[in-house]
Amino acid sequence: MSLHLYNTLTRRKDLFEPLEPGKVKMYCCGVTVYDYSHVGHARNYIAWDVVRRYLLWRGYAVTFVQNFTDIDDKIIKRSHTDHLPWQQITQTFSDAYLEDMARLNVMPATRYPKATDVVPQIVAFIQQLIDGGYAYASEGDVYYAVERFPSYGKLSGRKLDQMEAGASGRVDDEATKKHHPMDFALWKAAKPGEPEWESPWGNGRPGWHVECSVMVREELGKTIDIHTGGQDLVFPHHENEIAQSEAAQHQPLARYWLHNGFVNIGGEKMSKSLGNFTMIRTLLDEGGVEPMVLRLFVLQAQYRKPIDFTDGAIAAAQNSWHTLQEGLQFGHRFGNALGWGSDADPSLGDPAAMRIAEETAPVRQFITAMDDDLNTPLALAPLFELAKALQKEGNRLVHEGKTLADGEALRHQWQTLVVLSQVLGLEAAADAAGSTPEEPEGLTDAAVETLIQQRRAAKQAKNFAEGDRIRDTLNAQGITLIDKPGGVTEWHRS
RNA sequence: GGCGCCAUAGCCAAGUGGUAAGGCAGAGGUCUGCAAAACCUCCACUCCCCAGUUCGAAUCUGGGUGGCGCCUCCA
């Protein structure tokens, strides 16, 4: 089995074969930068980051282009309400987006084109559509004539006449300018106080949809391999992109159309308009949720399925992450003790340099799962099995000072875990639970030893209340006592 | 009204014809004055309901019920 991806266009899982062997061109529909990103966005971009990472790991050279739509009604509106230039709005939220994604360990795109950087190309593209008979100017606007494109609706599985019925009741101030209710704006005439660019049809700005058609062509060419976005972009956004690009170019815009499911709140889609969203930075900063926890939360469902965002789900992901994290830190904590030699082999600390055997069961399970339309919940199973096994051996080393397992076998297990986790973008800081912290604030080691001696004396005198009091005192300082047989008490800082 | 998706343990979630992965939570045991840590073990005769196809169905077909999405800006 090799990689199969669910293609919205064909409504089935298709074998993935790039146009050019070994190379993949991906275009990921980016955000409209008028506000901070929420958890729904996080899921979207994590999903495509995983697709990209998996393709890279499987040996493809991936060019990953993601746009910023930096001109649009909402940006203009926010500029007016905030009394700030629209350029400042888009700059602020583009920067914020990149910050959020970096924290979530989403790889930066190869390039981030902006709509406003390609306005002349957009104008030329629209002219090309007009010349081809696919678009018409109307009172300073330009509209795409959907009836001229016979396969309009092929992506979303709709028919023009059916949609007409649904649209008939709607009031639309553009209606009088359109030939057909489903026609959509390629160019919008500027109103006073709005940003504007020159065009043959008068000053104005690009409509939504057309900027993506143009940026795809400018950055990647006429036909690309993979085009991605949320399920809410299937119609109208991607349908319209197809109509524009394929009318202009007479060849497919993209071979594989991938769409992810929503993040829900109480069963309902998280969205700006419903007001039920949690921003990524709020969750991370005020909610104290580690970025990897959010990532794991997202990956515990297949990307096309809806997921419910609840406190309980985040708490469960938190616990799951700690298990995985301990496994990931195993090599850093115990590698030297197991005689792995950190300097001799650079692959010890650098996942990119690690070479793991692909014939082992965990790796095979992982690949089989990922090949089946990125089945990350299934792919996580072998990771947890590796992590738990390492966690157990780590505990044996801590508590018994030795392990019965073979050092080299552990090393291979650990490297497998690290590499596969990295394919999912799950990474633990090497030093987070590393060497013993040096003399922390609070009690010194000597003070702890003294208290333990006092507790031992109290216990021998059967004064258990005093013994428990000392234990509780230490516990409050983050020190856990472990009573071993023979009256020995070990301790560690948590 | 049109198109489409989903329903598996307390929770999350794999499994698309051969007898229920994994995670979280939970239970019992060893040890222990207690506790914690550690280790060991257990945790869906059943997959929303009804009928059908089949030697065999969570998986296929038909009919219900419940939930959701898109058709308007949206990842």
Side-chain angles (χ1 to χ4, degrees), chain A residues 8 11 28-32 34-35 37-48 72-74 77 153 156-159 161-172 182 208 228-237 239 259-264 267-274 277 296-297 299-302 304-308 310 312-324 365 369 372 375-385 387-388 391-392 394-396 398-400 459 462-465 467-468 471-472 475 480-485 489-492 494:
Chain A
T8 306
R11 274 172 254 291
C28 173
C29 265
V31 283
T32 301
Y34 72 100
D35 204 350
S37 302
H38 58 61
V39 176
H41 298 111
R43 184 192 196 182
N44 179 268
Y45 296 109
I46 288 169
W48 312 133
D72 140 285
D73 291 350
K74 288 182 173 170
K77 190 178 166 196
S156 54
R158 292 152 208 265
K159 295 198 164 45
D161 48 358
Q162 291 167 340
M163 286 191 288
E164 230 180 314
S168 60
R170 227 178 294 131
V171 182
D172 190 334
M182 294 310 295
W208 189 40
T228 69
Q231 269 167 9
D232 48 5
L233 294 188
V234 174
F235 190 92
H237 186 56
E239 194 70 70
H259 295 98
N260 68 284
F262 300 127
V263 173
N264 290 340
E268 276 190 323
K269 176 186 173 187
M270 176 183 289
S271 73
K272 288 284 171 60
S273 41
L274 287 171
F277 57 90
L296 191 56
F297 163 72
L299 294 174
Q300 280 184 323
Q302 205 269 347
R304 287 189 289 118
K305 297 266 179 103
I307 46 174
D308 227 52
T310 61
I314 292 294
Q318 191 104 38
N319 290 333
S320 300
W321 169 241
H322 288 320
T323 297
L324 220 42
Q365 284 174 47
D372 184 15
N375 191 339
T376 52
L378 187 58
L380 283 168
L383 301 200
F384 277 104
E385 279 162 19
K388 288 206 162 184
Q391 187 182 37
K392 189 164 79 174
N395 285 329
R396 284 198 168 118
V398 167
H399 290 273
E400 297 166 28
K459 284 170 67 176
K462 301 285 184 199
N463 186 355
F464 296 122
D468 290 350
R471 190 185 64 215
D472 293 344
N475 197 35
T480 304
L481 301 186
I482 305 166
D483 291 336
K484 312 272 280 212
T489 297
E490 292 186 358
W491 63 278
H492 62 82
S494 54

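Below, chain A is the first sequence line, B the second, and so on; all start at residue 1.
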**Q** So, under a plain 3.5 Å distance rule, would you say the side chain of A/R396 forms a donor-acceptor pair with the base of B/C39?
**A** no

**Q** List in chain and number order the residues that pass salt bridge (charged side-chain N to carboxylate O under 4.0 Å, His left out) with A/R43, two or more places apart in sequence or in another chain; answer none if no residue qualifies.
**A** none

**Q** Using the six-membered base ring of B/A75, report whether A/F262 stacks on it, requiring centroids under 5.5 Å and planes under 30° apart.
**A** no

**Q** Return the set of residues passing side-chain contact (heavy atoms from CB on, under 4.5 Å) with A/D232 (not counting sequence neighbours), or none when no residue passes.
**A** A/F262, A/K269

**Q** Please list each protein N or O that sits under 3.5 Å from an N or O in nucleotides 25-27 of chain B, with the distance.
**A**
residue: B/A25; atom: OP1; partner: A/N319; partner atom: ND2; Å: 3.0

**Q** Could you work out which one of B/A75, B/A35, B/G23 sits closest to the side chain of A/T32?
**A** B/A75

**Q** Which atoms of nucleotides 10-14 of chain B (N or O only) lie under 3.5 Å from a protein N or O atom, and what are those distances?
**A**
residue: B/A14; atom: OP1; partner: A/Q302; partner atom: N; Å: 3.3
residue: B/A14; atom: O3'; partner: A/N375; partner atom: ND2; Å: 3.0

**Q** Nearest to the side chain of A/F235, heavy atoms from C-beta on, is which of B/C71, B/A75, B/G33?
**A** B/C71

**Q** Measuring to OP1 and OP2 of B/C40, would you say a side-chain N or O of A/K392 lies under 4.0 angstrom away?
**A** yes

**Q** Please enumerate all residues that pass side chain to side chain donor-acceptor pair (under 3.5 Å) together with A/H237, with sequence neighbours excluded.
**A** A/H209, A/E241

**Q** With no angle test and no hydrogens, is the base of B/G69 tied to the side chain of A/N264 by a donor-acceptor pair under 3.5 Å?
**A** no

**Q** Report the residues that fulfil side chain to side chain donor-acceptor pair (under 3.5 Å) with A/D72, sequence neighbours left out, ordered by chain and then residue number.
**A** none

